[in-house]
2 protein chains.
Amino acid sequence: MNEQEHIDKLMLELRRGTITIGVLSQLSSPQYGYSLVTMLNEKGVPVEPGTLYPLLRRLEKQGLLESSWDTNEARPRKYYVLSEMGKAVYEQLCKEWEGIVRSLDDLIHTRKDEENGDD
Amino acid sequence: MNEQEHIDKLMLELRRGTITIGVLSQLSSPQYGYSLVTMLNEKGVPVEPGTLYPLLRRLEKQGLLESSWDTNEARPRKYYVLSEMGKAVYEQLCKEWEGIVRSLDDLIHTRKDEENGDD
DNA sequence: ACATTATAGTGTATGACGCACACTATTGTA
DNA sequence: TACAATAGTGTGCGTCATACACTATAATGT
């Protein structure tokens, strides 16, 4: 396994959960799956259809999203939108996410020197 | 499932991979597992011994870490430190991590209105 | 001095869950 | 006819939390 393969694998894990936040962040107004895949990929959050569709259904089953079919268009589209609980969870999740980012940022820019080292 | 349970579960996923970065970030100089558990928890990256030890062994097997026993102390300690490849991977991973953070930050502070924003 | 408990330190086994990947299926459009 | 739009399923992998096992030392109590 070379460097790039390691990085790819680690990135895979790092992305975990971020897809969910990305999805939730876009569903304050209704959108359908196919458009979400496209948009998220454009915005730098790579996601596969085979990942997104199950995710959407999962989130709906858990009560974070609500869905409705639009059959007026050329092809039927399934629109998802945040439920009340979804909104609340999303708000809170953002705060927690920022906490994680801050902690990790802290570790990365290692401040070993300002430990006020008493040896 | 109430709000808090949802958040806990989502947080669990969000933390994925961040533990690895946290560990790598601390191993430019050698440290042993037990001290890492303590330190990371202090620094806001909660991690269980049962998570860290397998992680360290995994990273060593993959060639990102090197280990050596110190049997001079009261109890034997297994010290880990970044290998050359580990350093390279860590450097690159940090950049990628910042990319993820930036993308997600972008999505969270939804700029729906300024869709025409070409810098 | 001896027994008991706590702590430092490393390790394993199991189960859950989300993700990528490879697929299927339908319908409209060029 | 072939391609794009749109939604879906099934499998395998990897990491995480949890619970547990193990050893040797330090600390405590009697």
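Below, chain A is the first sequence line, B the second, and so on; all start at residue 1. No hydrogens, no waters, no symmetry mates; every other heavy atom, side chains included, goes into these values.
The heavy-atom pair separating B:V89 from A:I7 by the smallest distance is CG1-CG1, 4.0 Å. Residue B:G44 comes nearest to A:S103 through the heavy atom pair O-OG, 3.5 Å, listed as atom of the first residue, atom of the second, then distance. The minimum heavy-atom distance linking B:L14 with A:T18 is given by the pair CD2-N, 3.8 Å. Between A:S25 and A:S28, the closest heavy-atom pair is O-OG, 4.1 Å.
Here the side chain of B:K9 is nearest to one of D:dG8, D:dA26, C:dC17, namely C:dC17.
Across all strands shown, A:E48 has heavy atoms under 4.0 Å from sugar-phosphate atoms exclusively, and none from any base. When heavy atoms are screened at a 4.0 angstrom cut-off, A:P54 is found touching base atoms of the nucleic acid.
Heavy-atom distances to DNA chain C give each of B:Y79 and A:R58 a nearest nucleotide, and the one nearer the 5′ end belongs to B:Y79.
Summarising the geometry, the separation between OH on B:Y53 and P on C:dG9 is reported as 8 Å, rounded to the nearest angstrom. One interatomic measurement links the two molecules: CD of A:E5 to P of D:dG14, which rounds to 12 Å at whole-angstrom precision. Rounded to an integer number of Å, the gap from A:Q62 CD to C:dA16 C1' is 13 Å. Distance, A:D8 CG to D:dG14 P: 14 Å, rounded to whole Å. We find that CH2 of A:W69 is positioned 8 Å from C1' of D:dT6, with the value rounded to whole Å. What separates CG of B:L64 from P of D:dT15 is a distance of 11 Å, to the nearest Å. One atom, CD of B:E73, and another, P of D:dA26, lie 11 Å apart when rounded to the nearest Å. Put simply, CG on A:N41 is 14 Å from C1' on C:dC19, counting in whole angstrom units.
The existence of a salt bridge linking B:R16 and B:E13 is confirmed by a sub-4.0 Å separation between a basic side-chain nitrogen and an acidic carboxylate oxygen. Here A:E84 pairs with A:K87 in a salt bridge; the nearest charged N to carboxylate O distance falls below 4.0 Å.
Put simply, the side chain of B:H6 never gets that close to the backbone of A:L64: no donor and acceptor are under 3.5 Å apart.
Using a 4.0 Å cut-off, no side-chain N or O of B:T51 falls inside it from OP1 or OP2 of D:dC16. Phosphate proximity of D:dG8 to A:K78: present, with a side-chain N or O under 4.0 Å from OP1 or OP2.
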Practice task
Evaluate side-chain contact (heavy atoms from CB on, under 4.5 Å) for A:L59 paired with A:L24, printing each intermediate quantity in order.
Solution key: CA-CA 9 Å; A:L59 293 176; A:L24 294 180; 4.1 Å; yes
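Evaluation of the salt bridge (charged side-chain N to carboxylate O under 4.0 Å, His left out) rule for A:K9 yields no partner, not counting sequence neighbours.
Rounding to the nearest 0.5 Å places CG of B:L56 at 13.5 Å from NZ of B:K61. Remark: B:L93 CG to A:E3 CD distance equals 11.5 Å, nearest 0.5 Å.
Applying side chain to side chain contact (heavy atoms under 4.5 Å, CB included) to A:Y34 and the options A:V37, A:L36, A:T38 leaves one that passes, A:T38.
In this structure the side chain of B:R57 reaches within 4.5 angstrom of the side chain of B:K78, judged on heavy atoms.
Residue pairs meeting the ring-ring contact (aromatic ring centres under 6.0 Å, His included) criterion with at least one partner in residues 66-103 of chain B, sequence neighbours excluded, are A:W97-B:W97, B:Y32-B:Y79.
Annotation: proximity of residues 31-38 of chain A to DNA chain C (heavy atom, distance under 4.0 Å) is found for no residue. Residues of residues 10-24 of chain A that place a heavy atom closer than 4.0 Å to DNA chain C, in numerical order, are A:L12, A:R16, A:G17, A:I19.
The C1' atoms of five pairs define one axis at each end of the helix from C:dA1-D:dT30 to C:dA30-D:dT1, and these two axes lie 10° apart (to 10°).
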Could I get a table of every N or O pair under 3.5 Å where one atom is in the protein and the other is in nucleotides 20-23 of chain D?
none

